[in-house]
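Input: a single structure, listed below in structure tokens.
Letters A, B, ... mirror the listed sequences (proteins, then strands); counts begin at 1.
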Amino acid sequence: MTKRDHPSFRALAAGLALTLIAALAACGPLISFGDGEPETVYTLHYEPKRTDEPTGPLVFVAEPSMVEGLGGRVIAVRLSDFERTLLKNVRWTTASSDLIREYLILSLRDHANLRTLGETGLDVSAKCRLNTTVQAMEFVPGATPEADAITFRAEMTLVSQVTGTQAAHMVFDKGRRVEGNARGIVAGFNAAMSELAAETGRWMTANIGACR
Amino acid sequence: METRASHILVGSFVMLCIAGLVAFAIWVAKVDLEATYKDYDIIFEGSVSGLVNRGTVFYNGIPVGNVQDINLDPNDPSRVRVWIRVRTEVPVTEDSVARLEFQGFTGVAFIDLGGGSPNAPALTAHAGQERPVIPSEASSFQALFNNTPELLATAIDTLERVQALLNDEAIGGVTASIQNVEVITANVAAASADLPTIVKQVEAMVAQVTETASAIEALSRTGEALLDDEARTLIAEATETLDSANALMVNINALVANNEPAITQFINSSLPEVSRMIRDLRITGRALSRLVTRIERNPGEVIFGGEQEEYDLKTRKKEPN
């Protein structure tokens, strides 16, 4: 009789196997297996227009700071009073802060002729940094689908890294009505982001003197 | 025959008596029948109280004439014109001056002429003047009487101010000050009893200071001797140390010069990157802190997920996830 054929060894192995199966079952929420309904994934997309290299100053676009925990892949829903929840089965492709940052990096090259730097430009010395704080980015359901809306408000701060001072500051509010479905909501966010990027480009052009 | 002789004798006697009386009157009146006089006017500013007609006129204290008349000046009623008559030989000249003086405190006034230098021309009447006019000046008495009312008013005012100054409150303050001075004086008197002790303490202190000064002097001599002995060695060591420091700086300069591009790149590129990395590390640190807090609060929620409802666009209401 070998050791593996010993009854005690078999009992121990069976117990370990059962424990492993129980542990795997408990890890279900951590390792998501889905709830049966597919999630629809959306993005904030900007299509670059220029093909040549911008000639303006270098500006480092920092990762936006998202208030009230808005920085994940979920879309927040503003209910009555102070209640918040999430939009079911609708997700961004990645964290919304990354989407907004990449959108600004691409769009400011077109709108303000800036050589913008993102995460990959960390080791490049830039005279200015653009800080963004997203104060609101939520779906606000109305009494009827026609009354649905989104909020989208961002605070922009241009910082001179040479003097360590604030060169300019502006708050953009781009809330609007949207169709009460996932596609309409995401289209509303894309339209709001497009307007915000264009206005930010004009604002940066007006204040770019601090970055030269 | 008898009656006629008596009448002649009586008449002669009466005539003698009358002549004697006249001579006596002249003698008594001191009338100088041979004397000649000259008239003058004196204009006084203000009152001439105490001066009367027939009042005496003196020249340097000698009676030389009298007052003939006292009247107001027709040209100016505030002034008084006094007509005097003095002997001709009195030298009244252009620079003579008349003053109104008083005899003691009796109030009897007289005119005293003065001045009159020997070479000055005799005073004569000018055009429009009835008589020569002697200029007048105020005497010391007159000045005193003129200024007395003002002096009295000033004195009264001063007294009123002194009274106001010396009110009850001020007197109380002065009294308190005097009491304080008394207290201080008493304290000084009491302290003076300890004066010998204080003097002894001061003497001891001076002795101590003298001793300390001697010790310092000895110390300085010792220091001088020490410096004389050790100074050369010390200076030599310091020079050696400075030479070493100089050599070190030269090496550092060479090191920097040889690696200038790398150092420049580090300053221009790496330092900003480090700065941003620190910023990102702060953000990451905050996220980790929140995660740890959630784990501490409810580990099961972190591992297995929470019971959160989500908004369903189809039903337009919250539903369990």
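With rounding to the nearest 0.5 angstrom, the NZ atom of A/Lys88 is 8.5 Å from the NZ atom of B/Lys314.
With a 4.5 Å cut-off on side-chain heavy atoms, A/Leu79 and B/Lys318 count as touching. Put simply, the side chain of A/Leu87 does not reach to within 4.5 Å of the side chain of B/Asp312, judged on heavy atoms. The shortest side-chain heavy-atom distance between B/Arg316 and A/Asp148 falls under the 4.5 Å cut-off.
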(message) Please determine whether salt bridge (charged side-chain N to carboxylate O under 4.0 Å, His left out) holds for the pair A/Arg84 and B/Glu310, giving the CA-CA distance in whole Å, both sets of side-chain angles, and the decisive distance to 0.1 Å.
(response) CA-CA 9 Å; A/Arg84 299 288 186 275; B/Glu310 293 187 350; over 6 Å; no
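Surrounding CD of B/Glu211 are at most 12 heavy atoms belonging to other residues, nucleotides or ligands under 6.0 Å away. The neighbour count for A/Glu195 CD, taken as heavy atoms of other residues, nucleotides or ligands under 6.0 Å away, is above 12. Atom CZ of A/Arg50 has more than 12 heavy atoms from other residues, nucleotides or ligands within 6.0 Å.
Residue A/Ile75: no heavy atom, backbone or side chain, is found under 4.5 Å from chain B.
Between chain B and the residues A/Val77, A/Ile185, A/Val90, the largest count of heavy-atom pairs under 4.5 Å involves A/Val77.
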